[in-house]
2 protein chains.
Amino acid sequence: MNENIKVPMPTLERLSTYLRYLQDVQARGVHTILSADVERDTGVNAAQFRKDLSFFGEFGKPGVGYNVLELQQRIARILQVHREQPVVLVGAGNLGTALIGYPGLRRHGFVIAGVFDNSPKKIGQRLGEMEIQDIQYLKEGIVKLGAKIGILTVPASEAQTIANTMVEADVKGILNFAPATLRLPADITVRDVYFFQELAVLSYCVSRAELLAERSE
Amino acid sequence: MNENIKVPMPTLERLSTYLRYLQDVQARGVHTILSADVERDTGVNAAQFRKDLSFFGEFGKPGVGYNVLELQQRIARILQVHREQPVVLVGAGNLGTALIGYPGLRRHGFVIAGVFDNSPKKIGQRLGEMEIQDIQYLKEGIVKLGAKIGILTVPASEAQTIANTMVEADVKGILNFAPATLRLPADITVRDVYFFQELAVLSYCVSRAELLAERSE
DNA sequence: TAGATTGTTAATCGATTAACAATC
DNA sequence: TAGATTGTTAATCGATTAACAATC
């Protein structure tokens, strides 16, 4: 392991898969797992799993395997999901509302601590336990909450401006649901979730599968 | 170009980015673009863009560039999003409801043609223009609609069973929002959308950025 | 034609996986 | 100790990008 090594993004993405898997096996009362188990149950190659972990230290015992609870706790700590973390959400439309109502986020340590919108109709209304705030106060609001992560569920046309405000308020990571390419400083991490892209990929693969099926008839 | 060549997944994923970009520039009244424009505006390397397209044929004129409208139409056709396509949704919870209310999907050709749930409370209720149907009739429903794409917004514990039913009904692609690893035949395409993973990656990157910031203080 | 940009080949880069020495 | 599995190195595989001949 090396403190300063750059961790590949695919490795980072797999960490949460491992975490989920560890929670599953723990719920089943299993205390020790092997990298071979991970491969069998998640589809991730066993060497891949060991290599991924090696970026962060040593986690297993040769000849024995991995302690489920310990591995779980250490991965949670690496991802900083071992404690609650305030997150700000901008855009109280359908999707934003769904995310607030999604219990999975809080269960994983992400607390939506503030909700903002620009619609006079929505401002002041309650949404779950929160009151929708005027986007005009976004910057102060984020600073006060100390949120370093923002969720963007606004129309594409507003995404860049709001993202800029978030960055001014010292947000360092943005989960972007708006179908827009955000231009932000290099030290800001952006994750795009783009439903149309997912469906378009499916659409391509499905049509290709049908083509191949026809051909073999 | 070669009819039988396997298109890399990253290429496929970028196609919808290109499509979005082309719609943007078309709305601005631009008729021709260069691969260099794509790089400037989307961040995708110009050679990457040209290489991606080369899997599907020739699209531009050397010395001139690409016709926006033509390129748009041809990519839409490759992705099979040039015409409406029925999609079935299972799980009428918060997220499912949000997706049904999301106008972006229909605008891109994906019509949610059937909604299913297992909750007696929900079955029979209206949701948008549709009535929530009993999941018991899922298989027949999918066959009747002719849906080849399914959206799964159910709890993880039910995901595998429902996915199996979808496949029995000849669904070929599944957009899976359930935090579960689906085990399906190799010819079925699955795209996982996993919010916690996205947030966990952000969480890691944010904490790392803060670490580096502290060190340089 | 001269200038410009494509499509494609070749070089580079990075991620995955196989193999094995270290170690429990 | 013998057997088993890890952590890590080396080999493979695939994707990105630079370079350039083809072509408008």
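Summarising the geometry, the separation between CE on M9(A) and C1' on dC13(C) is reported as 17 Å, rounded to the nearest angstrom. Atom C1' of nucleotide dT9(D) and atom CZ of F55(A) are separated by 13 Å, given to the nearest angstrom. Atom C1' of nucleotide dA19(C) and atom CG of N45(A) are separated by 12 Å, given to the nearest angstrom. Protein atom CZ of F56(B) is 18 Å distant from nucleotide atom C1' of dT6(C), rounded to whole Å. Look at CD on E58(B): it is 12 Å from C1' on dC24(D), rounded to the nearest Å. Atom P of nucleotide dA15(D) and atom CD of E13(B) are separated by 11 Å, given to the nearest angstrom. Straight-line distance from the CD1 atom of I33(A) to the C1' atom of dT5(D): 13 Å, rounded to whole Å. One can place CG of L71(A) at 11 Å from P of dT6(D), the figure rounded to the nearest angstrom.
The nearest heavy atom of DNA chain C to V44(A) and to K61(B) marks one nucleotide each, and the one closer to the 5' end goes with K61(B). Of the residues near DNA chain C, R50(A) and V7(A), the one whose nearest nucleotide (by heavy atom distance) lies more toward the 5' end is V7(A).
Among the nucleotides dT5(D), dT8(C), dA15(C), the one closest to any side-chain atom of S54(B) is dT8(C). The P8(A) side chain lies nearest to dA15(C) when the options are dT5(C), dT16(C), dA15(C). Residue A47(A) has its side chain nearest to dT17(C) when only dG7(C), dG7(D), dT17(C) are considered. When distances are taken from the side chain of Q48(B) to each of dT6(C), dT16(D), dT8(C), the shortest belongs to dT16(D). Out of dT16(D), dC24(C), dT8(C), the shortest distance to the side chain of P62(A) is found at dC24(C).
Side-chain rings of F177(A) and F195(B) approach one another, their centers coming within less than 6.0 Å. Checked against the 6.0 Å centroid criterion, the rings of F49(A) and Y66(A) qualify as a close aromatic pair.
Distances shown here put a side-chain N or O of Y66(B) below 4.0 Å from the OP1 or OP2 atom of dG7(C).
Side-chain contact between I149(A) and K172(A) is absent, with no heavy-atom pair separated by less than 4.5 Å. For the pair I151(B) and V90(B), the minimum side-chain heavy-atom distance is 4.5 Å or more. At a threshold of 4.5 Å between non-hydrogen side-chain atoms, the residues K148(B) and E210(A) count as touching.
Residue contacts shown for S35(B) are limited to sugar-phosphate atoms, with no base heavy atom under 4.0 Å away.
The base-pairing partner of dA15(C), taking Watson-Crick or G-U wobble contacts with both distances under 3.5 Å, is dT12(D). Judged by Watson-Crick or G-U wobble contacts below 3.5 Å, the nucleotide dG3(D) has dC24(C) as its partner.
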